Amino acid sequence: MHAMRLYLINPSNPLVSMVKVTESRWNRYRVWKPLSLMVLAGLTPPEWEISIVDENLGVPGYPAMPRPDVVGITAFTSQANRAYEVAAYFRRLGVPVIMGGIHATMCVDEVRERVDSVVTGEAEGIWPQVLEDARHGSLKRRYDGGLAEINHVPLARHDLLATGYALGAIQTTRGCPLNCSFCSVTAFNGAHYRQRPIPDVVREFQSVREKFVLVVDDNLVGTRPDHISRAKDLFRAMARANLRKEWIAQATINFADDEELLTLAAKAGCNGVFIGFESPSPEGLGEIGKKFNLLKGRDFRASVRRIQRHKILVAGSFIIGLDIDEPGIGKHIAEVGKQYGVDNLNVLFLTPLPGTRLWERMKAEDRIALDAFPEDWKYYTLTFPVARYKHLSLDGIIQEMIACNRDFYSLPSILRRVGSNLWQRRRPLISLVGNLSFRGNLRVSSKAYADFQRQRRS
Ligand code: B12
Ligand code: SF4
């Protein structure tokens, strides 16, 4: 039996600014590994010869590459168009194409017309079966992996895709109980917070080659006392294993509430956290269902400071375009970001992603403005306004975004932030690189908006 050749492909989206390394050299720090494909590779039996192709590092010349026996494609919604182009190319050669991931799960009907087989849900429980069927030429049109058991799954293949990235990637938990209206995570990975066994995580961390790592969990520490105590155990085990890694993660603001948790996270190598503040007002948080941020009458500035005291940088994320957002919201978010004292600000347009509650609501209210699918999916990067917003026109909301970023990333603001990091010996270099990376992209984004507006008018 000859070895079967499998290509696992992560399609690019040329509109995603972080892959434009040539336009802003800081983007080298922002091309992140497609962990899904490394996990799939870990689940793939040894008789398959695997190549992972990440088009974000450059689209390869497929005709010059050896013909694969099977192609697996992953895609977020924003990558769907390109995924279909790649699928069409290989199907013309007679190679069976399988597509899975979040977009395939949320838009099964659209995807099944364009590939040979769709895998919905998580792959752990189903992928070996899919490959076995492919090997025997008996692929089914649809498989469903549902929510997988993530106890003792094989480790992701960190030996593949070894070079070209600034950051490695790892996952320690799945699912999020908070179910915010705009987010796909609860719809896709469920509300039940599933945790991988700590020894598996530590072993996998040891196989990551990069010094800097993104922990992709949507909520690394969870929300309940038992989640927090598991996070502490994980951090203790990581510190004991002396991993010599520095990592960043996503968490909710309750990360700030436990000094021991923060101390242990820092000891385990935590350098920075992304925190979703989402909206500066309680009404906004109510609108998107993130009431968790309102618990305990929280003082956000004090919470951010408590995290930063452990030399952990805080990147704050906000959304622009909620029904309560009116002209002036852009500057207001920049002000609030400064007031909270975040080291980086990441503001995104409210985007109805398929499968979310927001999608259902906006669809019912006929507010999805860019709906020529699949072509328009390429704009679903959260960096373009794709809906009809209540108080903001298309041009208006873009102006709000520009005003927000120009204010927060003005040179004086950057110098003030980095100066304060220097003074408090809180990773000033990383803070500087992070801020310049965002600033460098303002020009790229303005051009992208202008193209987008031109396109919309034509
Ligand atoms: C890390 C991450 C990123 C990273 C890295 C992305 C990358 N290349 O992997 C960065 C920061 C770059 C990123 C960017 C974006 N992201 Co993001 N990201 C994530 C995050 C937090 C984790 C992804 C991950 O690695 N998961 C771990 C792996 C193991 O799980 P998985 O990808 O789901 O894969 C499993 C299954 O889906 C399935 N599967 C996946 N692919 C395939 C393929 C085949 C053939 C098969 C059989 C199975 C299969 O098997 C895997 C194992 O079970 C997710 C949330 C989440 N929980 O998934 C959001 C998420 C995927 N991102 C999201 C979004 C919206 C974006 C952006 C568009 C906007 C933004 N700024 O955040 C950009 C777009 C980038 C682009 N290129 O177009 C949304 C996507 C929703 C959607 N419908 O598309 C998510 C779900 C978050 C959310 N809040 O809703 N992201
Ligand atoms: S936005 Fe964050 S907190 Fe809300 S459901 Fe998604 S992952 Fe959970």
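Everything quoted here is computed from the prediction, not taken from an experiment. What's counted below: heavy atoms across the whole structure, side chains too, no hydrogens, waters or symmetry copies. Whatever order the structure lists ligands and atoms in, that order sets their numbers, starting from 1.
Of the N or O atoms in Ala123, one or more lie within a sub-3.5 Å distance of an N or O in ligand 1. At a 3.5 angstrom cut-off on N or O pairs, Glu124 counts as close to ligand 1. Considering backbone and side-chain atoms together, Glu122 places no N or O closer than 3.5 Å to any N or O of ligand 1. For ligand 1, the polar-atom distance check against Thr74 finds a nitrogen or oxygen pair separated by under 3.5 Å. Considering backbone and side-chain N/O of Ser78, one or more are found under 3.5 Å from N/O of ligand 1. At a 3.5 angstrom cut-off on N or O pairs, Tyr380 does not count as close to ligand 1.
Protein-derived N/O/S atoms nearer than 2.8 Å to atom 6 (Fe) of ligand 2 total 1, waters excluded.
Only the side chain of Trp127 comes within 4.0 Å of ligand 1, counting heavy atoms alone; its backbone N, CA, C and O stay farther away. Of all the heavy atoms of Gln250, the ones lying under 4.0 Å from any atom of ligand 1 belong exclusively to the side chain. Residue-level proximity to ligand 1 for Leu37 is absent, since no heavy atom of it falls below 4.0 angstrom. Here His103 has no heavy atoms under 4.0 Å from ligand 1, in either its backbone or its side chain. At a heavy-atom cutoff of 4.0 Å, ligand 1 is contacted by both the backbone and the side chain of Val216.
Taken from CD1 in Ile319 to CD1 in Ile288, the straight-line distance is 4.5 Å, to the nearest 0.5 Å. Here the CG atom belonging to Asp159 is positioned 6.0 Å from the CZ atom belonging to Arg209, to the nearest 0.5 angstrom.
With respect to the salt-bridge test (charged N to carboxylate O, under 4.0 angstrom), the residues Asp226 and Arg230 do not qualify. A salt bridge does not link Glu110 with Arg114: every distance from a Lys NZ or Arg NE/NH1/NH2 to an Asp or Glu carboxylate oxygen is 4.0 Å or more.
Side-chain contact check for Thr120 and Asp144: at least one donor-acceptor pair (N or O, by modelled atom type) lies under 3.5 Å. In this structure, a donor-acceptor pair under 3.5 Å is present between the side chains of Arg298 and Ser303. Judged purely by distance below 3.5 Å, without hydrogens or angles, the side chains of Asp133 and Gln129 pair a donor atom with an acceptor atom.
The residue from Thr356, Thr77, Asp217 that puts a heavy atom closest to atom 83 (N) of ligand 1 is Thr77. Heavy-atom proximity to atom 11 (C) of ligand 1, evaluated over Phe188, Trp32, Tyr143, Phe76, is greatest for Trp32.
The shortest heavy-atom distance from Gln171 to ligand 1 is under 4.0 Å. The closest approach between Pro34 and ligand 1 falls below 4.0 Å for a heavy atom of the residue. The shell of residues lying under 4.0 angstrom from ligand 1, judged by heavy atoms, excludes Pro354. A heavy-atom separation below 4.0 Å is not found between Gly355 and ligand 1. Heavy-atom separations between Phe182 and ligand 1 are all 4.0 Å or longer.
Judged by distance alone, with hydrogens and angles left aside, the side-chain atoms of Asn435 form a donor-acceptor pair with the main-chain N or O of Asp343 at under 3.5 Å. Looking only at distances, no side-chain donor or acceptor of Tyr165 sits under 3.5 Å from a matching main-chain atom of Lys33. Side-chain atoms of Arg67 come within 3.5 Å of backbone atoms of Leu93 as a donor-acceptor pair (strictly under, hydrogens ignored). At distances below 3.5 Å, not a single donor-acceptor pair connects side-chain atoms of Gln195 with backbone N or O atoms of Thr172.
When Arg142, Lys140, Arg141, Arg91 are each tested for a salt bridge (Lys or Arg N to Asp or Glu O under 4.0 Å) with Asp116, only one passes: Arg91.
Environment of NZ in Lys363: sparse, with no more than 12 heavy atoms of neighbouring residues, nucleotides or ligands closer than 6.0 Å.
Short contacts between ligand 1 and Ile73, defined as distances under 4.0 Å to a heavy atom of the residue, involve ligand atoms 43 (C), 44 (C), 45 (C).
The six-membered or imidazole ring of Phe90 lies near that of Tyr62, with a centre-to-centre distance under 6.0 Å. Remark: aromatic rings of Tyr379 and Phe349 are distant, center separation not under 6.0 Å.
Legend: side chain to side chain donor-acceptor pair (under 3.5 Å) pairs involving residues 268-277, not counting sequence neighbours, sorted by first then second residue: Glu246-Asn271, Asn271-Arg427.
The single protein non-hydrogen atom nearest to atom 2 (Fe) of ligand 2 is Lys290 NZ, 4.0 Å, given as residue, atom name and distance.
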